[in-house]
Structure formats: C-alpha cells, structure tokens
Amino acid sequence: MKNLVILLIIFFSILSCTSKDDKKFYLGEVEFPVKPTPGVKEAMAAHVIPSQRQLAWQSLEMTAFIHFGINTFTDREWGNGDESPGLFNPDSLNAEQWVRVLSEAGMKMVIITAKHHDGFCLWPTKTTSHSVASSTWKDGKGDVIRELRDACDKYNMKFGVYLSPWDRNAGCYGVSPAYNKFYMEQLTELLTWYGKIDEVWFDGAGGEGRNGRSQEYDWQAYYDLVRMLQPDAVTAVMGEDVRWIGTETGCGRETEWSVTALAPGGTPESCAINKALDLTPSSEDLGSSALLQKAGDVYWYPAEADVSIRPGWFWHASEDSLVKDPDELFDIYLNSVGRNAVLLLNVPPDKRGLITDNDIKSLMGLRTRLDNLYKTDLLNGARPYGHGAMWAIDGDSTTSWNPGRQGVASFVPAIAATFNVAMLQEDISKGQRVERYLIEARSDQQWFTVATGTTIGYKRLLSFPAIKADEIRLTITSSRARPYISTFALYYTES
Ligand code: FUL
C-alpha cells in the first residue's frame with residue numbers, strides 16, 4: 001500500500017510537471033529572475049515564442065534582395081552621394097520580369113534598395129530632389145517602387161523595403177533631429193504610398209555624411225513608426241524582429257538559436273546590454289546554455305542570411321561571368337534555410353533594368369535542385385513508434401511529435417530507402433528547444449550513426465553520404481523542455 005501511494009505521488013507529480021511545462025509562454029522575450037535556480041533559465045528560454053509577424057516571416061524561407069540604383073550606372077558598390085540623378089536611365093526596366101523570375105525560383109518576398117547609402121531615391125519622394133523624379137528615365141515620371149509593388153501584387157509576392165539610414169547626399173545628415181525627421185518622412189512615404197509592406201530593412205553600415213558629420217539615429221522612433229503604419233512588417237538587421245546572421249556568405253551557424261542573449265535593435269539600451277555581454281550579431285555563440293547563465297534577458301531574434309548571387313551587391317558588367325552556379329546556390333540553401341535561417345538572396349538587375357540571363361540560369365538551376373531534393377519524402381510521413389513516440393494533439397489535428405526531453409523514436413521507411421539528406425523541424429510556435437540529437441539507421445541488422453546535430457529550430461537539413469536502411473531512429477539527447485518535432489523527413493539528392 002505504502003509503495004502504491006509513493007508510486008501515485010510520483011505519477012501525479014510527473015503529470016503536473018508535464019502539464020505545467022507548457023502552460024506559460026513568453027511572447028518575444030523574457031527577463032530572468034535575479035537568482036534563478038539551476039535549469040530555470042533554459043526552461044524559460046525554451047518558452048520564448050515568436051510574434052505572429054516573425055512566424056509568418058520565418059515560413060517564407062527564401063526571399064530576394066534587389067540592389068538597384070545609381071550605383072548600377074556608375075559601376076560602384078557605394079556611391080558618394082554626389083552622382084547626377086541624370087545618370088539613372090534603365091531603358092528596358094521591367095519589374096515584372098524580376099518578380100516572375102524570382103517567383104519561379106521559389107522566392108516569397110522581394111526587398112528593394114529604395115535608397116542606398118548614396119541617397120538616391122527610387123521613388124518620387126517629396127523629401128529631396130535626389131530621386132527618379134530628377135532622372136531622364138521616363139522623363140522623371142517613373143517610380144521603381146510602384147512598378148515593383150504592382151508586379152509583386154500580380155505574382156502574389158511579399159514586398160519589403162531597404163531604406164539606408166546612412167545618406168551621403170542629404171544636407172541634413174549629421175544634424176541629428178533634422179535628419180531623423182527627414183528619414184522618418186521618407187519612411188512614412190514608403191509605408192503609406194505602396195500598400196502592404198512585409199519587411200523594413202535597416203542597414204547597419206554607416207559613416208559620415210557629406211558635411212563630415214555623424215548622425216545619431218533615433219531607432220526607437222523608427223521602430224514605433226513602422227509599428228504604427230505597418231504593424232505586420234518585420235524590422236530587420238538594425239531592426240527588432242529579424243537578426244543579421246553576422247556574415248554575408250549565406251551560411252548560418254551549425255548551432256543557430258532563434259532565442260538569443262543578443263538584444264535586438266540599435267537603441268542605446270540594447271547596445272549597452274550587448275556591450276556588457278560582449279556580443280555582436282557576428283559572435284559565434286548567441287544562445288548557448290552557458291551564455292544564458294550570464295544573460296539577464298533573452299529574445300526571440302531569428303537569423304536572416306543575406307548573400308549576393310554575384311560578388312558585389314550591385315550589378316557590374318565585369319561580374320556577369322561570376323554569377324554563383326546552381327550547386328553553390330544549393331549549398332547556400334542548405335547552409336541558411338537548412339540551418340534555421342531565412343535566406344535573403346540578392347539578384348541585382350543590370351543597366352537595362354533587367355535580371356541577366358546568367359542570373360536567371362543559376363536561379364532556375366537552383367529551383368531544379370530544390371524540386372529534386374523535395375520530390376519524395378522517403379519516410380513518407382511515417383509515424384514514429386516505440387518508447388516516447390507520442391504525438392502532440394493541437395486542437396483536433398495531430399501536429400507534432402512530443403517525445404519527452406530525451407525521447408527516442410523509430411521510423412520504418414515506406415520502402416527500404418537510400419537517402420543522403422535528413423530534414424527536421426521544430427514547431428517554433430512553441431519555442432526552440434532541442435540542443436542535441438542523433439539519427440541512426442539499421443542496415444544489415446546493424447545500427448549505426450548517420451548524423452548528429454545540435455539545434456533544429458524552424459528547419460534543419462543535414463546531408464551525409466548516401467545510405468540504404470530498413471529502419472531509422474531519431475534520438476533527442478538533450479532538450480531545454482519537451483521538444484515539439486513537427487517534421488522528420490528523409491530525402492535523396494543527386495549532387
Ligand atoms: C551592407 C551595405 O553596405 C552593402 O552595400 C549592402 O547593401 C549590404 C546588403 O549591406 O551593409
């Protein structure tokens with residue numbers, strides 16, 4: 001009897017632990033208690049969840065950057081701001097061609113450099129004459145942002161704007177309140193004239209303006225303006241919703257946490273936190289358990305991997321032969337989307353205002369490689385069985401595998417399959433939790449390790465030499481709380 005009572009106590013305490021486990025979530029961020037008991041920080045970090053706009057953004061997976069502007073005509077990467085607007089004259093500009101090509105390649109959003117560091121505006125702004133309105137293109141009646149917006153509507157493509165805070169043309173740059181007002185007027189035009197905006201990209205690059213003065217940006221006011229005018233738009237890089245991955249190679253970290261100790265944005269408060277922790281977006285470790293021990297807060301701050309299809313961000317005739325080939329783009333995909341990041345691939349139109357044939361060829365090659373990769377899930381949605389193989393029920397649909405913190409599940413592929421890529425996904429609407437896992441396969445009655453990994457997050461793709469197996473086993477060896485695995489799939493891809 002005594003034993004039975006003890007057993008019942010244990011049983012009910014396990015039950016209450018499990019149900020308590022997922023009751024409290026923290027939207028966007030959490031502040032740790034001052035004296036946390038061991039394990040509390042990990043558990044709290046595991047329950048930080050993304051906002052709706054961050055969740056929607058993450059599911060886009062592949063997005064495109066368009067660097068286009070005065071630099072396209074001067075063969076530069078960074079203009080000085082003293083270029084004549086008359087130089088801007090794309091004789092065959094066709095934004096529909098851009099969007100059609102990018103959409104066929106699989107991109108779900110296009111972000112354009114509405115203004116780069118040179119200050120030249122691609123829309124007829126009222127804030128300065130340094131814009132398309134003073135160019136020869138369409139006798140000054142053209143509006144690149146409008147044309148792109150309309151093309152995006154036609155192809156059901158999301159639309160974002162890059163507005164460089166650094167402006168080497170504006171006379172008021174460096175006169176801090178005046179330039180902040182000027183910049184916010186530009187932002188207001190972009191966020192009110194062109195319908196729905198899905199991402200606002202605040203570049204971190206900066207320097208002095210034409211008068212040799214530096215500018216203090218009022219980041220908080222910029223964020224508040226975006227929130228007010230476009231509540232669903234994510235703010236990126238120097239913004240609060242989306243983090244720069246820290247390189248321009250398109251390659252994420254092996255261990256990529258969306259819950260970071262890195263404080264989002266460029267406000268003085270965030271900068272002070274990051275300075276105290278000695279963190280920048282390029283730091284190798286942004287979210288390990290060891291780092292959590294030093295942090296006072298953590299944030300949902302997911303990574304965006306920006307990279308250009310060419311060596312430069314703008315189009316240069318000399319780089320027409322240096323476009324990345326489909327295999328390079330596919331590797332970038334594996335190392336960005338496949339490492340818990342959103343890919344932002346830059347494809348710069350040329351002087352005519354068109355994406356060149358070389359870039360199109362590479363993009364279509366990437367599409368073919370992706371179609372081949374995802375053609376057949378060799379697990380065919382097989383349900384796990386065995387110890388811990390429990391599916392979480394969300395509403396009345398079965399959504400994810402919720403195996404307990406150190407769960408093992410076995411899968412029998414529909415056919416004895418040869419595969420060389422594994423895909424794992426966590427249901428990040430419940431946070432990011434998994435810290436370590438192992439994939440094993442049984443072949444000729446022998447179990448052996450196929451791959452090991454650390455973080456999963458929204459998506460993790462692991463590639464390895466092709467193997468044939470009758471049975472597959474996934475073991476979560478460490479997790480900050482009960483993991484929610486929403487996908488486990490196996491693929492074969494020809495290299
Ligand atoms: C950088 C800029 O300086 C580059 O010109 C480019 O726009 C890249 C995406 O961001 O900070």
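By convention here, the first residue in the shown sequence is residue 1. We count ligands from 1, going down the list as the structure has it; atoms in each ligand are counted the same way.
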Colleague: For atom 7 (O) of ligand 1, what's the nearest protein heavy-atom neighbour? Residue, atom name and distance, please.
Modeller: His67 NE2, 2.7 Å
Colleague: Mark up the atoms of ligand 1 that fall under 4.0 Å of a heavy atom belonging to His117, in ascending order.
Modeller: 2 (C), 3 (O)
Colleague: Would you check whether Trp166 reaches within less than 4.0 Å of ligand 1, judged by its heavy atoms?
Modeller: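 It does not, in that no heavy atom of Trp166 comes within the 4.0 Å cut-off of ligand 1.
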Colleague: Not counting sequence neighbours, which residues clear side chain to side chain contact (heavy atoms under 4.5 Å, CB included) with Pro326? List them please.
Modeller: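 For Pro326 the side chain to side chain contact (heavy atoms under 4.5 Å, CB included) partners, ignoring immediate neighbours, are Ser362.
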Colleague: Does the N or O separation between Trp313 and ligand 1 drop below 3.5 Å for any pair?
Modeller: no
Colleague: Any luck finding a side-chain donor-acceptor pair between Glu189 and Thr125 under 3.5 Å?
Modeller: yes
Colleague: Going by distance only, is there an N or O of Asp203 that falls short of 3.5 Å from an N or O of ligand 1?
Modeller: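 Yes; the residue has a nitrogen or oxygen that sits under 3.5 Å from a nitrogen or oxygen of the ligand.
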Colleague: Show the atoms of ligand 1 that are less than 4.0 angstrom away from any heavy atom in Phe65.
Modeller: 9 (C)
Colleague: List the residues meeting side chain to side chain contact (heavy atoms under 4.5 Å, CB included) with Ala276, not counting sequence neighbours, and say none if there are none.
Modeller: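 For Ala276, no residue satisfies side chain to side chain contact (heavy atoms under 4.5 Å, CB included) once neighbours in sequence are set aside.
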Colleague: Of all the heavy atoms in Phe314, does at least one lie under 4.0 Å from an atom in ligand 1?
Modeller: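 Phe314: no contact with ligand 1 (<4.0 Å).
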Colleague: Indicate, as side chain, backbone, both or neither, the part of Asp306 found under 4.0 angstrom from ligand 1 when only non-hydrogen atoms are considered.
Modeller: side chain
Colleague: Indicate, with yes or no, if the rings of Phe88 and Phe68 have centres closer together than 6.0 Å.
Modeller: yes
Colleague: Using distance alone, decide if ligand 1 has a nitrogen or oxygen within less than 3.5 Å of any nitrogen or oxygen in Glu77.
Modeller: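 It does not: no N or O of Glu77 is found under 3.5 Å from an N or O of ligand 1.
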Colleague: I'd like to know whether the aromatic ring centres of Trp123 and Tyr194 sit less than 6.0 Å apart in this structure.
Modeller: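 That pair fails the under 6.0 Å test.
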Colleague: Hey, are Lys351 and Asp75 close enough for a salt bridge, meaning a charged N less than 4.0 Å from a carboxylate O?
Modeller: no
Colleague: Which atoms from ligand 1 have a heavy atom of Ala205 less than 4.0 Å away?
Modeller: 3 (O), 11 (O)
Colleague: Decide whether Ser164 and His117 meet the rule of one side-chain donor and one side-chain acceptor closer than 3.5 Å.
Modeller: yes
